[in-house]
Protein chains: 2
Amino acid sequence: MSESGKPARTVVDAASASARILDAAESLFYREGTRAVGVDAVVKQAGVNKMSLYRQFSSKDELLRQYLKRREAMFWGYFDGSVGQHPDDAAAALRQYFSDVTARATRDGYRGCPFVNVAAEYPEPDHFARRFVAEHKRQLLARLTALAAAAGARDPAALARALALLIEGLYTASQTYGTDSPVMAAVPQVADLLIAQALGRDPA
Amino acid sequence: MSESGKPARTVVDAASASARILDAAESLFYREGTRAVGVDAVVKQAGVNKMSLYRQFSSKDELLRQYLKRREAMFWGYFDGSVGQHPDDAAAALRQYFSDVTARATRDGYRGCPFVNVAAEYPEPDHFARRFVAEHKRQLLARLTALAAAAGARDPAALARALALLIEGLYTASQTYGTDSPVMAAVPQVADLLIAQALGRDPA
DNA sequence: TGTTGGTGTTACCGATCGGTAACATCGGCT
DNA sequence: AGCCGATGTTACCGATCGGTAACACCAACA
């Protein structure tokens, strides 16, 4: 549109630039991996300049930190959205979560748990991203244990550990066996079985 | 030791150079990731020159292919070593495998399933490494199904899917919850439970 | 009107990536 | 002895990595 040779400069205020950068980083980091995606790809997708990124985020590591925090919030939003449907029935809440997470993880293009992927990308166990993941999983196990206790499991910690393994298995199987594998479809049944067994009942 | 300024040239024949390169690549790729490790790191660890690598392997992708093939052979060596201990009792063979793989995966420094890690590193589902992983897991599921059938499971495919999920969960939990987590220690119990339930018996 | 602070743009930095050309040097062979 | 093929070494290629300096520009405010 501009007749001059000047490069169509578009001005974006800092707040919205920051949001656009985070949106771009989140989708790119999740879909392609945090190490594989460079800052140039992020700024291109966000439609901002590289200097705009480095004026909002001190480094790519800081961007990774924000990405992890957003994904953590998203995870607990999903989690609470599932278990909140059954405030008076912890067993049903657990089953609901497994049903919902399986539905999400079997969607085409699903790229697995972002925390699992990050753990795979950074070998050093004391890297801040690995610490973040470990802390997140610790909290998840605690929530599962509390729900298992509320459901009246004979050994809440044991049920929580079994369900934690199932969740990690679901995440990984989506990438190794494929989102459309029968292995994925089996998740809710296995969850039902583990829960029923821990409650001392025969599964249906 | 040499008094001249020349750089201590050491000659290695092609066959042993190839083996040393593969050894170095295998440990580095497994411990630090196939994308994170460059060919320079591989040749340095192998103690050979970069040109020696490229005269044996056409590209880094070819090196990755050989790495995957070696890891596949290693996996089936472990697997057959476990199930082979109970040629007349498929249920015991399955339990043995879960006991052994848990022992390996809880060792300090364990870095998870190499195929899972590769799947996490390459986002494109049709990348040759992803195809390799998918084929490997397909074969694993087939072996599990055959063992479940031999054990007399009411629904061999269902038991195999549940055990496949447990295996993926074990691999991933070792990296997210940590090799020393109680979650890892719970794997054999969960396997016993799934097997016993599928056989129609009460678990001990 | 002039100044000032934040924004966009360009160009660049050193490091590392996968990969290669050219040449020195060696061992085995005739 | 003389040759030749395979190996070791150096130096380099273009591309990309994360990150930055310098400057053009614009808006709000005095």
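Lettering follows sequence order; numbering is per chain, from 1. Remember, predicted model here, so these are calculated numbers, not experimental data.
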Under-4.0 Å salt bridge between [X] and [Y]:
X	Y	answer
B:Arg138	B:Glu135	yes
A:Asp80	A:Arg143	yes
A:Lys69	A:Glu72	no

Could you please name the option among C:dT7, D:dT10, C:dT9 that lies closest to any side-chain atom of A:Asn49?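 Comparing C:dT7, D:dT10, C:dT9 against the side chain of A:Asn49, the answer is C:dT9.
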
Examine A:Arg104 relative to A:Tyr78 and say whether NZ or CZ is less than 6.0 Å from the centre of the six-membered ring and inside a 45° cone about the ring axis.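 Yes, cation above the ring, under 6.0 Å and within 45°.
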
What is the distance, to the nearest angstrom, from the [atom1] atom on [X] to the [atom2] atom on [N]?
X	N	atom1	atom2	value
B:Lys44	C:dT16	NZ	C1'	13 Å
B:Leu53	D:dT7	CG	P	13 Å
B:Phe57	C:dG18	CZ	P	15 Å
A:Arg20	C:dT7	CZ	P	14 Å
B:Lys60	C:dT20	NZ	C1'	17 Å
B:Arg55	C:dG19	CZ	P	16 Å

Is any N or O donor-acceptor pair between the side chain of B:Lys50 and the base of C:dG19 shorter than 3.5 Å?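 Present.
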
Using the salt bridge (charged side-chain N to carboxylate O under 4.0 Å, His left out) criterion, which residues pair with A:Asp180? Sequence neighbours excluded.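 In terms of salt bridge (charged side-chain N to carboxylate O under 4.0 Å, His left out), with neighbours along the sequence ignored, A:Asp180 is linked to no residue.
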
Check side-chain hydrogen bond (donor to acceptor under 3.5 Å, both in side chains) between B:Asn49 and all other residues, then give those that pass, not counting sequence neighbours.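 Residues passing side-chain hydrogen bond (donor to acceptor under 3.5 Å, both in side chains) with B:Asn49: none at all.
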
Can I get a per-line list of side-chain donor-acceptor pairs under 3.5 Å for residues 32-41 of chain A, giving both atom names and the distance, sequence neighbours left out?
unit_1	atom_1	unit_2	atom_2	d
A:Thr34	OG1	A:Glu121	OE1	2.7
A:Thr34	OG1	A:Tyr122	OH	2.9
A:Arg35	NH1	A:Glu121	O	2.9
A:Asp40	OD1	A:Lys50	NZ	3.3

Would you please name every residue forming a side chain to side chain contact (heavy atoms under 4.5 Å, CB included) with A:Ala153, sequence neighbours left out?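 Checked A:Ala153 against side chain to side chain contact (heavy atoms under 4.5 Å, CB included); matches are A:Ala148, A:Leu159, A:Ala198, A:Leu199.
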
To the nearest 10°, let me know how far the axis at one end of the helix from C:dT1-D:dA30 to C:dT30-D:dA1 is tilted from the axis at the other, five pairs an end.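 Result, rounded to 10 degrees: 20°.
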
Establish, with yes or no, whether the OP1 or OP2 oxygen of D:dG8 is under 4.0 angstrom from a side-chain nitrogen or oxygen of B:Ser52.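 Yes, such a contact exists.
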
Here's a test of your reading of the structure: between B:Met51 and A:Tyr54, which maps to the more 5' nucleotide of DNA chain D?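 By nearest-heavy-atom nucleotide position, the 5'-most residue is B:Met51.
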
Rounded to the nearest 0.5 Å, how far apart are CZ of A:Phe115 and CZ of A:Arg130?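 Nearest 0.5 Å value for the CZ-CZ distance: 14.0 Å.
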
Using a heavy-atom distance cut-off of less than 4.0 Å, which residues of residues 27-38 of chain B contact DNA chain D?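 Within residues 27-38 of chain B, no residue comes under 4.0 Å of DNA chain D.
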
